[in-house]
Amino acid sequence: GAVVSQHPSRVICKSGTSVKIECRSLDFQATTMFWYRQFPKQSLMLMATSNEGSKATYEQGVEKDKFLINHASLTLSTLTVTSAHPEDSSFYICSAATGLEGETQYFGPGTRLLVL
Amino acid sequence: AQTVTQSQPEMSVQEAETVTLSCTYDTSESNYYLFWYKQPPSRQMILVIRQEAYKQQNATENRFSVNFQKAAKSFSLKISDSQLGDTAMYFCAFKITGTASKLTFGTGTRLQVTL
């Protein structure tokens with residue numbers, strides 16, 4: 001299957017700072033990437049859909065000014081959590097769609113964010 | 001709007017036995033895909049199996065197979081010869097046709113494989 005990486009895998013930051021998470025498709029080009037948030041023992045919640053070269057589409061209730069998404073190339077999307085607060089602490093996962101293989105989304109390993 | 005329901009929050013199976021995880025969905029679309037993803041303790045989401053709605057034949061991947069009942073909107077996962085490494089959270093997911101279309105996940109079933 002296709003490989004998606006995320007960096008960093010874990011980050012601890014102080015309240016009020018910004019954190020950037022990178023999502024890369026390593027062996028395929030992804031015109032569309034997706035960002036999810038997962039709380040402990042819960043399912044994945046889609047935050048936004050990221051399309052290369054255009055603005056991201058955010059799900060209802062997700063603050064676009066707080067969660068900045070940039071999809072600058074066909075292999076890289078970034079999520080920046082701005083002015084992070086303790087309630088932003090969570091597990092963030094990205095996925096990328098190949099457009100082939102039944103339009104399967106392949107997932108990155110996730111980033112654990114802890115805001116102190 | 002699409003919904004996916006997994007009615008079994010937790011299940012347990014002994015090693016080498018067979019277990020079936022249930023999933024139902026609701027949609028008015030005719031062209032779509034269904035997936036089972038596995039999330040082990042590492043939290044990496046791993047594709048287990050995929051089914052195209054237009055295919056009548058049930059998908060199989062080694063020890064994993066599905067029972068896809070389109071009219072009943074049911075998509076269950078059967079794991080044969082269960083192994084300890086199958087212990088994980090299993091999510092059923094739905095998406096309509098289109099690369100940019102999003103996945104709708106069920107709430108998950110936590111499977112524990114025991115000795």
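Chain A is the first sequence line, chain B the second, and so forth, proteins listed ahead of strands; every chain is numbered from 1.
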Donor-acceptor pair, side chain of S43(A) and main chain of G106(B), under 3.5 angstrom: yes
Chain A contact via Q6(B) - which portion, at a heavy-atom distance below 4.5 Å: neither
CA sep, side-chain torsions, deciding dist, call: Q105(A), M45(B), side chain to side chain contact (heavy atoms under 4.5 Å, CB included): CA-CA 10 Å; Q105(A) 287 184 28; M45(B) 293 285 285; over 6 Å; no
Common cluster, V48(B)/Y37(B), ILVMFWY with side-chain heavy-atom separation under 4.5 Å: no
Side chain / backbone / both / neither for T104(B) at chain A, heavy atoms under 4.5 Å: neither
Spatial distance of atom CD1 (I49(B)) from atom OG1 (T104(A)) [nearest 0.5 Å]: 11.5 Å
Whether over 12 other heavy atoms sit under 6.0 Å from K66(A) NZ: yes
Evaluation steps, side chain to side chain contact (heavy atoms under 4.5 Å, CB included), between Y36(A) and L103(B): CA-CA 10 Å; Y36(A) 297 84; L103(B) 283 169; 3.8 Å; yes
Whether over 12 other heavy atoms sit under 6.0 Å from Q56(B) CD: no
Within one Ile-Leu-Val-Met-Phe-Trp-Tyr cluster: F35(B) and F68(B), side-chain cutoff 4.5 Å: no
Under 4.5 Å from any heavy atom of chain A - which part of L34(B): neither
Crowding at NZ, K70(B) (>12 non-hydrogen neighbours, <6.0 Å): yes
Winner by heavy-atom pair count (cut-off under 4.5 Å) against chain B, out of Q42(A), Q6(A), K41(A), E59(A): E59(A)
Cluster overlap F91(A) with L116(A), hydrophobic side-chain contacts below 4.5 Å: no
L21(B) reachable from M89(B) in the ILVMFWY side-chain graph, under 4.5 Å edges: no
Closest-packed option against chain B by number of heavy-atom pairs under 4.5 Å, given V4(A), T31(A), L44(A): L44(A)
Side-chain touch K102(B)/T57(A), heavy atoms, less than 4.5 angstrom: no
Nearest-0.5 Å distance that lies between atom CZ in F91(B) and atom CD in Q38(A): 5.0 Å
Single-linkage hydrophobic cluster L68(A)~L113(A), side-chain heavy atoms < 4.5 angstrom: no
